[in-house]
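Everything below concerns the one structure shown next.
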Amino acid sequence: MAAIAAASHRVSLLIHPNSRRFFFSSPPFRNPKNPSFLLLRRTITCAQQTLEPPKSDPTPNRRSNVVDVLQERGLIESVTSEALRAAACSDRPLRVYCGFDPTAESLHLGNLLGIIVLSWFQRCGHRTVALIGGATARVGDPSGKSLERPELDSGTVERNSAGIENVIKRILGANSDAGIEKAAILNNYDWWREMKMLDFLREVGRFARVGTMIAKESVKKRLASEEGMSYTEFTYQLLQGYDFLYMFKNMGVNVQIGGSDQWGNITAGTDLIRKILQAEGAYGLTFPLLLKSDGTKFGKSEGGAIWLSPSALSPYKFYQYFFTIPDVDVVRFLKILTFLSMEEIEELEEGMRRPGYVPNSAQRRLAEEVTRFVHGEEGLLEALKATEALRPGAETKLDWETIEGIAEDVPSCSLDYDCVLNACLIDLSVLTGLIASKSAARRLMKQGGLYLNNKRVENEEKTIEESDIVDGKVLLLSAGKKNKMVIRIS
Ligand SMILES: Nc1ncnc2c1ncn2[C@@H]1O[C@H](COP(=O)(O)OP(=O)(O)OP(=O)(O)O)[C@@H](O)[C@H]1O
Ligand SMILES: N[C@@H](Cc1ccc(O)cc1)C(=O)O
């Protein structure tokens, strides 16, 4: 275990300038001769030099009990003990962690819930850790999975870890600037890489009861399946359990949060802490899984993931996803995914029932709030600009940059200048594949649904003139409100 204790810790930069008392205070960090202590000291010093001065109102929700807040918003599925509520309003801030296995280069909408719950803890004055599962991703969490996860090579795990670290830093870093304690980012590979098999069996395995391990939902389901389960995946719960114990002992982390599918792994941790350290005061909290309207989980395995990284999904598409959420889901999403007050959400809900309600107003608010949280003010502006540029009938003058900005998000094609100039619009809309046939294009035009550069066209004889080609480079055709085609002129 000594080898583990001495393992180096990559503690990332997200440390608030107010936190002179940085929270990792238990051994091995108290010993100034310990190399980890020196590393940590250096990291703090570097981080302090670059952070802005503290703001006057440190934590707006500091006095709120985070458990009450989460419960009111529908963000609690289970807690391991009701005593967490009292612990949340004691003088000592809680130290909370949520783990994310780097099984893809970006996190997705389902994972955002963990980030939001961490952010609520921060806003209520607690301290947070986002843990990247560099070690656990090499094993594969069987929770909620009917098949063994494919093995990930080291290169992929490292690339994915860097990707999700960026996402977490960007979101939690940017949203902690109102004087809120910033999150630390750790990677569990830093303590697992030194772990020896014999040490693991002696220090951890001896305290884990096979009966209890088999009774976990994630194991039971898999044992009943034809494929069964590998010994590797069977041990996953102990790895996650030991992470909690390690951080509890060495860093004073006393709460673990996760989606409801993580219950078995989280309780594996509280059990190990009780048995090995004979300590009380470690808590687990799970939030409900965010489900699509067809009842399936928002994830990455199911396809069509709503990614949080702008390189995986543009802020425009991200915004559009929330803008088009059905009315039945919008209030629940406002409570779960935004930090708007409950009063404001109630007002929006009442507004939806009032005559004269402008459709999608609540969705617009939801899309703005979530996009700002995930992509920042700049990302939101980009999304709004693209939304306006793509709105048939919009008055905004189109320019080449705006159309290029959305070209990745809508179908596009390239055509020769000679092929486009003087071409009939009806022919062009069929040639590019926007509309299936000329008769369908004419019908749509009669109904007022065919647009060139957002301007409705009603003349069947309309041909493309030089002045129609935006900045001499592109055309934007729209069939109805939703179907678009960007034509690049080569
Ligand atoms: N739809 C969801 N709603 C709430 N939490 C989720 C959702 N999906 C994942 N999480 C949470 O995010 C964390 C990381 O989970 P995990 O890596 O298994 O997600 P995943 O990407 O959905 O995986 P996969 O799609 O491969 O099942 C866990 O705490 C998990 O409970
Ligand atoms: N098991 C979690 C990730 C995780 C990894 C290590 C932990 O200590 C905690 C959580 C998941 O599936 O994504």
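Heads up: numbering here begins at 1 and tracks the sequence. Order of appearance sets the numbers: ligands from 1, and atoms from 1 within every ligand. Heavy atoms only: backbone and side chains are in, while hydrogens, waters and symmetry mates are out.
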More than 12 heavy atoms from other groups under 6.0 Å of CD on Glu151: no

Proximal atoms of ligand 1 relative to Phe287 (non-hydrogen, under 4.0 Å): 4 (C), 5 (N)

Asp101, any N or O under 3.5 Å of ligand 1 N or O: no

Short N-O contact, Arg222 and Glu227, less than 4.0 angstrom: no

Glu382: partners by salt bridge (Lys or Arg N to Asp or Glu O under 4.0 Å), with sequence neighbours left out: none

Heavy atom of Asp141, distance to ligand 1 below 4.0 Å: no

For Ser311, side-chain hydrogen bond (donor to acceptor under 3.5 Å, both in side chains) partners two or more places apart: Ser309

Mutual orientation of the aromatic rings belonging to Phe339 and Phe373 [parallel < 30°, tilted 30-60°, perpendicular > 60°]: tilted

Atoms of ligand 1, numbered as shown, that sit under 4.0 Å from any heavy atom of Phe298: 1 (N), 2 (C), 7 (C), 8 (N)

Nitrogen or oxygen of Gly99 less than 3.5 angstrom from that of ligand 1: no

Ligand-residue contact atoms, ligand 1 with Arg149, heavy atoms, under 4.0 Å: 18 (O), 23 (O), 26 (O), 27 (O)

Ionic contact status for Arg353 with Glu350, cut-off 4.0 Å: no

Polar contact flag for Gly110 and ligand 1 (N/O pairs, less than 3.5 Å): yes

Per-atom contacts of ligand 1 with Asp261, taking only distances under 4.0 Å to non-hydrogen atoms: 30 (C), 31 (O)

Test: Lys297 and Asp261 ion pair at under 4.0 Å: yes

Ligand 2 polar-atom proximity to protein (N/O, under 3.5 Å):
{"unit_1": "ligand 2", "atom_1": "1 (N)", "unit_2": "Asp141", "atom_2": "OD2", "d": "2.8"}
{"unit_1": "ligand 2", "atom_1": "1 (N)", "unit_2": "Tyr236", "atom_2": "OH", "d": "2.7"}
{"unit_1": "ligand 2", "atom_1": "1 (N)", "unit_2": "Gln240", "atom_2": "OE1", "d": "2.7"}
{"unit_1": "ligand 2", "atom_1": "1 (N)", "unit_2": "Gln262", "atom_2": "OE1", "d": "2.9"}
{"unit_1": "ligand 2", "atom_1": "8 (O)", "unit_2": "Tyr97", "atom_2": "OH", "d": "2.8"}
{"unit_1": "ligand 2", "atom_1": "8 (O)", "unit_2": "Asp243", "atom_2": "OD2", "d": "2.6"}
{"unit_1": "ligand 2", "atom_1": "12 (O)", "unit_2": "Asp141", "atom_2": "OD2", "d": "2.9"}
{"unit_1": "ligand 2", "atom_1": "12 (O)", "unit_2": "Gln262", "atom_2": "NE2", "d": "3.3"}

Heteroatom distance test (Thr103, ligand 1): nitrogen or oxygen, under 3.5 angstrom: no

Enumerated ligand 1 atoms positioned under 4.0 Å from heavy atoms of Gly258: 29 (O)

Minimal non-hydrogen separation, Thr286 against Ser260, with atom names: CB-CA, 3.8 Å

Exercise: identify the closest heavy-atom pair between Ile336 and Arg73: CG1-O, 3.9 Å

Leu289 and ligand 1 - part of the residue with a heavy-atom distance under 4.0 Å: both

Nitrogen or oxygen atoms of Leu290 and ligand 1 under 3.5 Å apart: yes

Ligand-residue contact atoms, ligand 1 with Lys145, heavy atoms, under 4.0 Å: 24 (P), 26 (O), 27 (O)

Proximity winner for atom 20 (P) of ligand 1, if only heavy atoms of His108, Gln262, Gln256 are counted: His108

salt_bridge(Glu368, Arg364) N-O dist < 4.0 Å: no

Side chain to side chain contact (heavy atoms under 4.5 Å, CB included) partners of Ala83, counting only residues at least two apart: Ser81, Tyr283

Parallel, tilted or perpendicular: ring planes of Tyr319 versus Phe323, cut at 30 and 60 degrees: parallel

Glu217 bridged to Lys221 by N-O distance under 4.0 Å: no

